[in-house]
Amino acid sequence: MQDEYQKIIDYMLSSGKRIKEKAGQIADIGIKKKYLTEEDIAIERGFSDLIGTFQGDHIVFAEEENFDFQEGENIWVIDPISSTPSFIGGLPHYAIVCSHLFRGEVFFAAVYDPSVDELFTAYKGKGAFLNEKKLDLKYSESNGIILSLSTECKDQKLIENVWSKSLEFKPYRYKSSFGINYCWVAAGRFNGFIALVKDNFPTYAGKLMIEEAGGVFTNERRESNIKESDRIFVGGSKEIYDKLVDSVQRLIQ
């Protein structure tokens with residue numbers, strides 16, 4: 001699949017460079033949902049057209065027009081623009097996110113942040129990379145964790161509890177792309193993360209990215225085999241993971 005992966009990367013880079021010029025100057029056309037642009041739709045359709053040229057049976061599972069999860073041997077999980085609100089507002093950091101599942105396992109992931117021209121990639125068993133430089137997730141006393149809390153989460157008490165329980169880990173809350181937040185952990189900019197998500201489109205990519213960088217990525221039940229229905233995730237360096245997931249489990253009991 002290496003040729004196919006390179007085609008996906010090339011498509012992401014060209015799309016990212018195009019939408020960077022539109023950031024902050026594009027309308028929200030969402031009617032049934034907030035935060036939707038013509039580029040979200042165009043990028044997803046472009047992915048579908050490209051993947052349709054690959055040999056074999058391939059299924060697209062994506063946020064805008066292909067959001068019904070189906071079982072299959074080759075599944076491509078896509079978030080055409082992760083953090084569309086940032087894109088509409090002309091703010092960093094938004095991303096194009098894609099991952100490939102083969103027989104239920106993530107074999108490839110790519111996350112491209114056009115605002116700073118950072119391309120994160122990961123290949124099962126071969127490592128994770130930032131602009132082709134291999135990543136090695138190492139714990140640092142000076143690093144904190146990222147809290148990625150979906151704006152769709154209406155349980156204010158839960159959000160407050162997550163924040164208060166995470167204070168010992170030096171939490172930072174970024175409202176940018178979930179996919180980018182996962183990659184920042186893989187790059188060692190943060191020791192770990194707690195994520196409450198509304199959907200899983202960036203999650204499969206984040207899982208492979210962090211695992212291939214040497215970290216751990218699970219749901220709140222310590223299960224590494226992500227299900228489409230999962231909505232709480234924990235991960236990061238091996239040194240912090242156990243303490244972090246124990247804290248989350250106490251929160252939700």
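Just so you know, residue 1 is the first one in the sequence shown, and it goes up from there.
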Problem set entry | Spacing of CG belonging to Asn74 relative to CZ belonging to Phe102, to within rounding of 0.5 Å | 6.0 Å

Exercise. Shortest non-hydrogen contact from Pro202 to Ser82?
Worked result: CG-OG, 4.1 Å

Exercise. Is there a donor-acceptor contact under 3.5 Å from the side chain of Asn191 to the main chain of Ser140?
Worked result: yes

Problem set entry | Lys207 side chain reached by Asn225 side chain, heavy atoms, under 4.5 Å | no

Exercise. Should Asp117 and Lys17 count as side-chain neighbours, where that means a heavy-atom distance under 4.5 Å?
Worked result: yes

For this session: Could you go through the side-chain contact (heavy atoms from CB on, under 4.5 Å) check for Lys20 and Tyr94 one step at a time?
Result: CA-CA 10 Å; Lys20 182 180 180 180; Tyr94 52 93; 4.0 Å; yes

For this session: Could you tell me whether the side chain of Glu63 reaches within less than 4.5 Å of the side chain of Pro80, counting heavy atoms only?
Result: yes

For this session: With rounding to the nearest 0.5 Å, note down the distance linking CG in Leu130 to OG1 in Thr121.
Result: 8.5 Å

Exercise. Hey, does Ile8 have a side-chain heavy atom less than 4.5 Å from the side chain of Ile51?
Worked result: yes

Problem set entry | With sequence neighbours excluded, residues passing side chain to side chain contact (heavy atoms under 4.5 Å, CB included) with Glu223 | Asn219, Arg221, Lys227

For this session: Give a yes or no answer on whether the side chain of Lys126 reaches the backbone of Glu212 with a donor-acceptor pair at less than 3.5 Å.
Result: no

Problem set entry | Cationic N near anionic O, under 4.0 Å, Asp136 to Lys134 | no

Exercise. Given side chains that start at C-beta, do those of Phe69 and Asn200 come closer than 4.5 Å, heavy atoms only?
Worked result: no

Exercise. For Thr37, does its backbone N or O pair with a side-chain atom of Asp40 as donor and acceptor, under 3.5 Å?
Worked result: yes

Problem set entry | Cluster link Leu91 to Ile88, ILVMFWY, side chain under 4.5 Å | no

For this session: Not counting sequence neighbours, list each pair that qualifies as a salt bridge (charged side-chain N to carboxylate O under 4.0 Å, His left out) and has a residue in residues 90-103.
Result: Glu73-Arg103

Exercise. Is there a donor-acceptor contact under 3.5 Å from the side chain of Thr53 to the main chain of Leu50?
Worked result: yes

Exercise. Are any non-hydrogen side-chain atoms of Ile75 and Tyr204 less than 4.5 angstrom apart?
Worked result: no

Exercise. Are there more than 12 heavy atoms of other residues, nucleotides or ligands under 6.0 Å from atom CG of Asn131?
Worked result: yes

Exercise. Can you tell me if Ser177 and Asp113 form a side-chain donor-acceptor pair at under 3.5 Å?
Worked result: no

Exercise. Taking everything shown except Lys243 itself, do over 12 heavy atoms lie less than 6.0 Å from its NZ?
Worked result: no

Exercise. Quick one: does Asn143's side chain have a donor or acceptor within less than 3.5 Å of a partner on Gly188's backbone?
Worked result: yes

Problem set entry | Donor-acceptor under 3.5 Å (Glu220 side chain, Val234 main chain) | no

Exercise. Is the backbone of Ser148 close enough, under 3.5 Å, to the side chain of Arg173 for a donor and an acceptor to pair up by distance?
Worked result: no

For this session: Look at the aromatic rings of Tyr182 and Phe178 and report parallel, tilted or perpendicular, splitting at 30° and 60°.
Result: perpendicular

For this session: Identify the heavy atoms of Ala186 and Leu137 that sit nearest to each other, and give their distance.
Result: O-CB, 3.9 Å

Exercise. Any side-chain heavy atom of Tyr35 sitting closer than 4.5 Å to one from Asp28?
Worked result: yes

Exercise. For Met12 and Ala110, which heavy atoms make the closest approach, and how far apart are they?
Worked result: CE-O, 3.4 Å

For this session: Before giving the answer on side-chain contact (heavy atoms from CB on, under 4.5 Å), spell out for Asp246 and Arg222 the whole-Å C-alpha distance, their side-chain angles and the decisive distance to 0.1 Å.
Result: CA-CA 9 Å; Asp246 285 346; Arg222 294 178 178 264; 2.6 Å; yes

For this session: Please report the closest heavy-atom contact between Leu208 and Ala122, naming both atoms and the distance.
Result: CD2-O, 3.5 Å

Exercise. Does one hydrophobic cluster hold both Tyr172 and Val197, with members joined at side-chain heavy-atom distances below 4.5 Å?
Worked result: yes

Exercise. If you measure from CG on Asp199 to CG on Asp230, what distance do you get to the nearest 0.5 Å?
Worked result: 12.5 Å

Exercise. Distance-only, no hydrogens or angles: does the Glu44 side chain make a donor-acceptor pair with backbone N or O of Glu64 under 3.5 Å?
Worked result: yes

Exercise. Could you walk me through whether His58 and Glu4 pass the side-chain contact (heavy atoms from CB on, under 4.5 Å) check?
Worked result: CA-CA 12 Å; His58 295 266; Glu4 287 82 357; over 6 Å; no

For this session: Classify the ring geometry between Tyr123 and Phe108 as parallel (under 30°), tilted (30 to 60°) or perpendicular (over 60°).
Result: tilted

Exercise. CD1 of Ile78 to NE2 of His100: how many Å apart, nearest 0.5 Å?
Worked result: 11.0 Å

Problem set entry | Pairwise distance CG(Asp3) to CD(Gln55) - rounded to 0.5 angstrom | 11.0 Å

Exercise. Hey, what's the ring geometry for Trp76 with Tyr5, parallel, tilted or perpendicular (30° and 60° as the breaks)?
Worked result: perpendicular

For this session: Grab the two heavy atoms, one from Pro171 and one from Ser166, that are nearest each other, plus how far apart they are.
Result: CD-O, 3.3 Å

Problem set entry | Within one Ile-Leu-Val-Met-Phe-Trp-Tyr cluster: Leu167 and Leu196, side-chain cutoff 4.5 Å | yes

Exercise. Is there a path from Ile96 to Leu36 through hydrophobic residues (I, L, V, M, F, W, Y) whose side chains come within less than 4.5 Å of each other?
Worked result: no

Exercise. When the ring planes of Phe233 and Phe217 are compared, do they come out parallel, tilted or perpendicular, using 30° and 60° as the limits?
Worked result: tilted

Problem set entry | Ile41-Tyr112 co-clustered via ILVMFWY side chain contacts under 4.5 Å | no

Exercise. To the nearest 0.5 Å, how far apart are CZ in Phe67 and CZ in Phe61?
Worked result: 10.0 Å

Exercise. Given the rule in the side-chain contact (heavy atoms from CB on, under 4.5 Å) test, do Leu244 and Phe169 qualify, once you have shown the distances and angles that lead to the verdict?
Worked result: CA-CA 8 Å; Leu244 200 58; Phe169 303 108; 3.7 Å; yes

For this session: Could you check if a side-chain atom of Ile19 sits within less than 4.5 angstrom of a side-chain atom of Phe87, using non-hydrogen atoms only?
Result: yes

